[in-house]
Amino acid sequence: MNLGKNMNLQFKKPSKETQMAMSKVASGEDNQDYHSLAEEKLASITNHRYAKLVNSGNSAILAAMNSIDGAILIPDQGAWNGFKQIANFLNKDLITVKTNKGLIDLDELNESIILSSEEYIIDLDDENNKSALFLTSFAAYTAEQDMKAICDFAHKNNILVVEDASGAIGDYENRLANGNYSDIIIGSTGSPKIVNVEDGGFITANNDGFFEKSRLLLKTNKASNITACGIYNELDFAKDNLKKTVDACLYLKEAIEEKTSFNVFHKDKRGINVIIEIDDPKSLSYKLRQEFVLDSHGMITKCPNYNRLKEKAVALEIKNLDIGCLSQDNLDEIIKALKCFDD
C-alpha cells in the first residue's frame, strides 16, 4: 500500500537563512563571536536575565541539575528519560510524581512533596537546600502544562521549577518558556526542535548563582561558534515555527476524532505531536512507518514510552516535519491514511 504517495514530507531543517549564516562562520567568512548575541536574544525571549549556550540539551540538563542542592522531582511519564539518567549520575535523590497522562496534577505533586518531607528527602524550610521539579513544557510533546499554576504551587512549597522548553521556545501565547514562571529554562536545539540547528542547547535563569555552581560544566560543554550563530539566527523563526506546528496538531486532533474511531490523548490541548490510543500499537506503527517516510527519518513513535505516554498508543511526531510540509493538503493526506487503517 502506498497511501502517502501524494504527500511531500520532509524532515525538519534549519531555515535557509540560518544555514547560510552558519556556513559563513564555518568557512571563516564571518568571524563574529555569536555567543553573547545569542545569549542576549535567548534571555530576552525567555524573560530571564542570564543565558548560556551549551553543546546539547543533555548538557543543559546536567548543568541545571548540578546546580540544585536538594532532591529532583520528575513526572512519571511524558517527560525526558535524560532527567532520570542524569539525576542518577549525579547521585541525586529522585522523586517520581504521578501525573494525568503526563500532565502535572497539583494534588499528586502536593502528596509527593508531603511524603518526601516526612521522609526527610525534601526540606521545605531550608532556603539553601531547595529541591526542583524538572518537567517538559508539553507533556509527551502533546499537551501544554499549566506552567503558571505549577510554578505558583511549587514556589509556595519552596520548590524550584526547571522547564525543558525544547518544544516550546518562543511561545506566541507567552505561557511556556516564560522566565516569569520557571526558575530555570533549558532546551535542546538539535534536530528536530523548534530552534533547529542540528546540535546545541541552552540554559537561562534570573539567578546567576545557578551558573556559578556549574561554571566548569558550562565551560567544558560550551557550544561552538557555528552553533551559536545558528541559534542566534533560528530564534527569529521560533514563534512562527511553533505556531504552525501547534495549529497543524490541533487540526489533526480534531479531524482524527471526527473522521475516525481513534481516540486522541489530550485532544483539546496545545502540543507539537498527536498521540492516538490503539490496542495494537506495534501493527499500526509499522504500517504508518511504511507510509510516512521523511527522507530516511521517521515521524512515528510506538508507545508505551516514558518520553511519550505509558499507554498503548502511537505518536505522530508532527514536530519532526519541516514547516513547509504542514499544508492542509498534507495534513488531509495523513488523515486519509489513518482512515484506511481504522479497524
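In what follows, every heavy atom counts, from backbone to side chain, and hydrogens, waters and symmetry copies are set aside. Fair warning: this is a prediction, and the values are worked out from it, not measured in the lab.
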Enclosure of [X] [atom1] (heavy-atom neighbours >12, cutoff 6.0 Å):
X: Glu40; atom1: CD; answer: no
X: Lys312; atom1: NZ; answer: no
X: Arg215; atom1: CZ; answer: no
X: Lys13; atom1: NZ; answer: yes

Do [X] and [Y] come close enough that some side-chain heavy atom pair is under 4.5 Å?
X: Ser214; Y: Ser67; answer: yes
X: Leu288; Y: Val314; answer: yes
X: Met147; Y: Val161; answer: yes
X: Phe292; Y: Ile334; answer: yes
X: Pro75; Y: Tyr306; answer: yes
X: Leu321; Y: Phe11; answer: no
X: Lys282; Y: Lys302; answer: yes
X: Asn58; Y: Ile86; answer: yes

[X] side chain vs [Y] backbone, donor-acceptor pair below 3.5 Å:
X: Ser23; Y: Gln19; answer: no
X: Asn273; Y: Ala140; answer: yes
X: Ser182; Y: Ile184; answer: no
X: Asn66; Y: Lys213; answer: yes
X: Asn330; Y: Leu326; answer: no
X: Asn110; Y: Leu106; answer: no
X: Gln77; Y: Lys310; answer: yes
X: Asp199; Y: Thr227; answer: no
X: Asp208; Y: Phe211; answer: no
X: Ser116; Y: Ser112; answer: yes

- Message: Let's go through His35 and Lys222 carefully: what are the C-alpha distance in whole Å and the side-chain angles of both, what is the deciding distance for side chain to side chain contact (heavy atoms under 4.5 Å, CB included) to 0.1 Å, and is it a yes or a no?
- Response: CA-CA 9 Å; His35 287 89; Lys222 185 177 180 179; 3.5 Å; yes
Closest non-hydrogen atom pair, [X] against [Y]:
X: Ala87; Y: Leu94; value: CB-CD1, 3.8 Å
X: Lys269; Y: Leu250; value: O-CD2, 3.6 Å
X: Leu338; Y: Phe262; value: O-CE1, 3.5 Å
X: Val264; Y: Glu257; value: N-OE2, 2.7 Å
X: Ile104; Y: Gln145; value: N-OE1, 3.0 Å
X: Ala63; Y: Leu217; value: CA-CD1, 4.2 Å

Going hydrophobic residue to hydrophobic residue with side-chain gaps under 4.5 angstrom, can you get from [X] over to [Y]?
X: Val293; Y: Met299; value: no
X: Val246; Y: Ile194; value: yes
X: Leu235; Y: Ile185; value: yes
X: Ile121; Y: Ile72; value: no
X: Ile323; Y: Val274; value: yes

Lys/Arg N to Asp/Glu carboxylate O, [X] vs [Y], below 4.0 Å:
X: Lys130; Y: Asp126; value: no
X: Glu317; Y: Arg308; value: yes
X: Lys244; Y: Asp240; value: yes
X: Arg175; Y: Glu144; value: yes
X: Asp171; Y: Arg270; value: yes
X: Lys156; Y: Asp152; value: no

- Determine the interplanar angle of the Tyr34 and Tyr232 rings, folded into 0 to 90°, and report it as parallel if under 30°, tilted if 30 to 60°, perpendicular if over 60°. tilted
Taking atom types as modelled, is there a side-chain donor on [X] or [Y] under 3.5 Å from an acceptor on the other?
X: Thr136; Y: Asp164; value: no
X: Asp146; Y: Tyr181; value: no
X: Asp329; Y: Ser327; value: no
X: Asn129; Y: Asp69; value: no
X: Asp76; Y: Thr99; value: yes
X: Ser191; Y: Asn196; value: yes

- Item | Test side chain to side chain contact (heavy atoms under 4.5 Å, CB included) applied to Ala168 - qualifying residues, sequence neighbours left out | Ser137, Phe138, Leu176
Value rounded to 0.5 Å, distance of [atom1] in [X] from [atom2] in [Y]:
X: Ile275; Y: Leu309; atom1: CD1; atom2: CG; result: 4.0 Å
X: Thr260; Y: Ile276; atom1: OG1; atom2: CD1; result: 7.0 Å
X: Ile256; Y: Lys339; atom1: CD1; atom2: NZ; result: 11.5 Å
X: Met65; Y: Leu90; atom1: CE; atom2: CG; result: 7.0 Å
X: Leu73; Y: Leu133; atom1: CG; atom2: CG; result: 6.0 Å
X: Lys193; Y: Ser188; atom1: NZ; atom2: OG; result: 4.0 Å

- Message: Determine whether Glu254 and Lys267 satisfy the following criterion, side chain to side chain contact (heavy atoms under 4.5 Å, CB included), listing intermediate values before the conclusion.
- Response: CA-CA 7 Å; Glu254 182 177 358; Lys267 62 183 179 182; over 6 Å; no
- Task: Quick one: do Asp236 and Glu17 satisfy side chain to side chain contact (heavy atoms under 4.5 Å, CB included)? Show the steps, please.
- Result: CA-CA 10 Å; Asp236 292 339; Glu17 294 89 340; over 6 Å; no
- Query: Is NZ or CZ of Lys319 both nearer than 6.0 Å to the six-membered ring centre of Tyr141 and within 45° of the ring axis?
  - Reply: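 That pair qualifies as a cation-pi contact.
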- Query: Distance under 6.0 Å and angle within 45° of the ring axis: does Lys239 meet both against Tyr172?
  - Reply: no
- Residue pair Ile169, Leu42: steps toward the side chain to side chain contact (heavy atoms under 4.5 Å, CB included) verdict: CA-CA 9 Å; Ile169 189 73; Leu42 262 170; 4.3 Å; yes
